[in-house]
Amino acid sequence: MEKRKIKLSDIVKSFDLKVECSKNSLDREIEGGYAGDLLSDVMAHSKKGDIWITLQGHPNIVAVAILKELAGIIIINGREPEQETIKKAEAEGLPIMTSDLPMFELVGKLYESGVSGLR
Amino acid sequence: MRSKTVFQQEFKIKGGDFVNAGESSCKIRNILKEIGIDADIVRRLAIIAYEAEMNVVLYARHGAMYLFVYPDKILLKIKDMGQGIENIDLAMRPGYSTATEEIREMGFGAGMGLPNIKKNADVFKITSKVGKGTALEIIINLNGKNG
């Protein structure tokens, strides 16, 4: 049986995420997930369509997400992205969301809901 | 016989400019996609360009990337004026980095930049002079996979 596709809008609703920008791109499907704060690691190991969970909020995360064609970014621990980050992401139509949860909790919830790092 | 250049462009990079860091790599990726280069090769080039661009932003005063697309290969040259690399063997070792604590907190300086570039390149050449700068020459073969 084919697994039901999970959209960004689904996880925004389920996990009470705050959408910081690119609200019009929330119907994107999530193909997988990657968590990490080292940008080179995310560049090397994330896959197209991944939702990326990180604590970084500076503008360079937008370049990483665009280059790897990630579905979106969730910033954890109640951290806020910088204004410049939001500006850049909005211009690219890249959704950035924030969560008050720590990384472990959020990744666990995403995994439980069917988002996997492997495919 | 030297193969004809299909496309070439220069991208300037400013050292220490974290706000625009990564934009040249995004442009390169868009150009390669537009030309119709194979998706896997675009993915590899994107990683290479990003890591190389960040190295200039992190460790040099200024630099440039030069993209050359040939029918059979893509050549990416990166040159910078900066501090240079004292020990290239050490710099190539995964995990080795001279980054400051501040840079590491931003998620850079994990010592994966040069190894990531080498891993994704078919040909990888690096030369460096301490106090002058560093030059990279990267080739990815297209093997007829140029769309």
Side-chain angles (χ1 to χ4, degrees), chain A residues 21-22 25 31-32 34-50 52-77 79-94 96 98 102-103 107 119, chain B residues 11 13-14 16-33 39-58 65 91-97 99 102-121:
Chain A
C21 60
S22 310
S25 305
E31 290 171 49
Y34 199 78
D37 303 325
L38 295 176
L39 303 178
S40 285
D41 173 57
V42 178
M43 273 310 287
H45 298 119
S46 65
K47 297 187 195 78
K48 182 180 171 179
D50 275 352
W52 174 22
I53 299 94
T54 185
L55 58 70
Q56 303 292 355
H58 58 73
N60 202 253
I61 60 173
V62 178
V64 171
I66 296 300
L67 284 166
K68 295 305 301 265
E69 299 182 51
L70 305 182
I73 305 172
I74 306 175
I75 300 172
I76 44 120
N77 278 351
R79 290 200 184 203
E80 296 282 335
E82 291 173 20
Q83 275 310 310
E84 194 62 40
T85 309
I86 293 176
K87 215 172 96 190
K88 277 180 180 287
E90 188 74 63
E92 296 282 354
L94 173 78
I96 294 184
T98 52
M103 186 180 278
V107 170
R119 58 182 181 277
Chain B
F11 304 86
I13 308 164
K14 236 166 79 186
D17 179 3
F18 285 96
V19 170
N20 295 303
E23 280 189 1
S24 295
S25 306
C26 288
K27 280 182 200 153
I28 286 176
R29 172 183 160 272
N30 291 344
I31 288 165
L32 296 176
K33 269 186 108 173
D40 184 53
I41 288 173
V42 174
R43 187 188 60 77
R44 285 164 60 198
L45 238 312
I47 294 171
I48 291 167
Y50 173 80
E51 296 289 5
E53 183 179 359
M54 289 319 302
N55 278 347
V56 177
V57 173
L58 293 167
M65 285 202 280
M92 292 306 302
R93 199 180 290 169
Y96 178 82
S97 173
E102 199 185 352
I103 282 173
R104 284 172 203 260
E105 269 177 24
M106 289 174 78
F108 303 110
M112 292 168 69
L114 288 173
N116 270 358
I117 294 174
K118 192 176 180 188
K119 208 172 86 186
N120 285 287

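None of these values were measured; they are calculated from a predicted model. In what follows, chains are A, B, ... by sequence order, proteins preceding strands, each numbered from 1.
- Residues A:Leu39 and B:Met106 have side chains not in contact (no heavy-atom distance under 4.5 Å, counting atoms from C-beta outward).
- Salt bridge B:Arg43/A:Glu69: absent, no basic N to carboxylate O contact under 4.0 Å.
- Between the CE atom of B:Met112 and the CG atom of A:Leu38 there is a distance of 7.0 Å, given to the nearest 0.5 Å.
- When the shell of 6.0 Å around CZ of B:Arg104 is examined, it contains more than 12 heavy atoms from other residues, nucleotides or ligands.
- Under a 3.5 Å cut-off, the side chain of A:Glu84 and the backbone N or O of B:Asn20 do not form any donor-acceptor pair.
- B:Ser25 contributes atom OG, which lies 7.5 Å from atom CE of A:Met43 (distance to the nearest 0.5 angstrom).
- Residues B:Phe108 and A:Gln56 form no side-chain contact, since every pair of their non-hydrogen atoms from C-beta on lies 4.5 Å or further apart.
- To the nearest 0.5 Å, the span separating CD1 on B:Ile48 from CG on A:Leu67 amounts to 12.0 Å.
- With rounding to the nearest 0.5 Å, the separation of CD1 in B:Ile117 from OG in A:Ser40 is 8.5 Å.
- Considering OG of A:Ser46 and CD1 of B:Ile47, their distance stands at 7.5 Å, rounded to 0.5 Å.
- In plain terms, the two heavy atoms of B:Ala21 and A:Ala63 that are nearest each other are O-CB, 4.0 Å.
- Using a 4.5 Å heavy-atom threshold, the side chains of A:Ile66 and B:Arg29 count as touching.
- Ranked by heavy-atom pairs under 4.5 Å with chain A, the first of B:Ile28, B:Asn116, B:Val57 is B:Asn116.
- Heavy-atom distances place no part of B:Lys27 under 4.5 Å from chain A, backbone and side chain included.
- Few gaps surround NZ on A:Lys47; more than 12 heavy atoms of other groups in view lie less than 6.0 Å from it.
- Considering only heavy atoms from C-beta on, A:Asn60 comes within 4.5 Å of B:Tyr50 through its side chain.
- Residue contact with chain B, scored on non-hydrogen atoms closer than 4.5 Å, is absent for A:Lys48.
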